[in-house]
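Note that this is a predicted model, so its numbers are computed, not measured. Just the heavy atoms: all of them, side chains too, but no hydrogens, waters or symmetry mates, feed the values below. All residue numbers refer to positions in the sequence shown, counting from 1.
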Amino acid sequence: MPSDVRNRLAVREEPAATDDLLPRRSPFAFRFAPSADYLNWRYRAGLPFVRYRLFRLLDGEATAGYVILNERPERLLVAQADGEDAETLAWGILLAILEAARDDRRPRAVALASSHPAMQRVFERFGFEAAAADRPFALGSLRGPVPVPPDTARWLVNLDWGDNGL
């Protein structure tokens, strides 16, 4: 991790989501932007069947986003994340993964999704590799078509929406 990133960015584990954790602006054309109340319901710490960990992404003293990990003994999955800058968010995701795995004695697999070119560059620089095949993604509504931007390069899609991570 570059020294300028290490010196500027940090993550801090939080017990619950608060409104000040949520991005005020977004570089993403399409993203899931839930309220703090929804995050606390959907990714609640202390659930008996899954362990979620919430990290605040700090750029200096300012909150720059959040990362929620789905943690299992054999795997870490980026469940939900959002931020005000794509590259900063990617580095924050990596910092959260490193923090969660700090005391690991055996390596764990890490799974995440990214269609944003700046984020992909950060992940690849860190050693992640693209999957051999694209993962299917379906979006719809009982009320008809859902209008979404056709260019997926600025989308932010995480792996634990709905029941994917469970």
Legend entry - Counterpart residues, side chain to side chain contact (heavy atoms under 4.5 Å, CB included), relative to Ala29 (two or more places apart): Pro149, Arg154
Legend entry - Check: Leu58 and Val11 side chains under 4.5 Å, non-hydrogen atoms: no
Inset, instruction - Return the set of residues passing side chain to side chain contact (heavy atoms under 4.5 Å, CB included) with Pro27 (not counting sequence neighbours), or none when no residue passes. - result: Ala86
Inset, instruction - Specify the closest pair of heavy atoms between Thr88 and Ala64, including all atoms of both residues, with the distance to one decimal. - result: CG2-CB, 4.2 Å
Inset, instruction - For the residue pair Phe126 and Met1, establish whether any side-chain heavy-atom pair is separated by less than 4.5 Å. - result: yes
Legend entry - Note, Leu54 side chain near Leu39 side chain (heavy atom, < 4.5 Å): no
Legend entry - Partners meeting side chain to side chain contact (heavy atoms under 4.5 Å, CB included) with Ala90 (sequence neighbours left out): Met119, Val122, Phe123
Legend entry - Distance (rounded to the nearest 0.5 Å) between Tyr52 OH and Asn70 CG: 5.0 Å
Legend entry - Non-hydrogen side-chain atoms of Leu89 and Glu84 separated by less than 4.5 Å: no
Legend entry - From CA spacing to verdict: side-chain hydrogen bond (donor to acceptor under 3.5 Å, both in side chains), Ser35, Asp37: CA-CA 5 Å; Ser35 67; Asp37 286 341; 5.1 Å; no
Legend entry - Side-chain heavy atoms of Val110 within contact of Phe128, under 4.5 Å: yes
Legend entry - All side chain to side chain donor-acceptor pair (under 3.5 Å) counterparts of Ser115, not counting sequence neighbours: none
Legend entry - salt bridge (charged side-chain N to carboxylate O under 4.0 Å, His left out) involving Arg8 - partner list, sequence neighbours excluded: Asp59
Inset, instruction - Answer yes or no: is there an ion pair linking Arg12 with Glu99, defined by an N-O contact shorter than 4.0 Å? - result: no
Legend entry - Close side-chain approach of Phe30 and Thr152, heavy atoms under 4.5 Å: no
Inset, instruction - Take Tyr66 and Tyr43 through the test ring pair (Phe, Tyr, Trp, His ring centres under 6.0 Å) and record every step on the way to the result. - result: CA-CA 12 Å; Tyr66 66 88; Tyr43 302 103; 8.6 Å; no
Legend entry - Under-4.0 Å salt bridge between Glu74 and Arg108: no
Legend entry - Residues in salt bridge (charged side-chain N to carboxylate O under 4.0 Å, His left out) contact with Arg6, at least two apart in sequence or another chain: none
Inset, instruction - Grab the two heavy atoms, one from Leu112 and one from Ile93, that are nearest each other, plus how far apart they are. - result: CD2-CG2, 4.3 Å
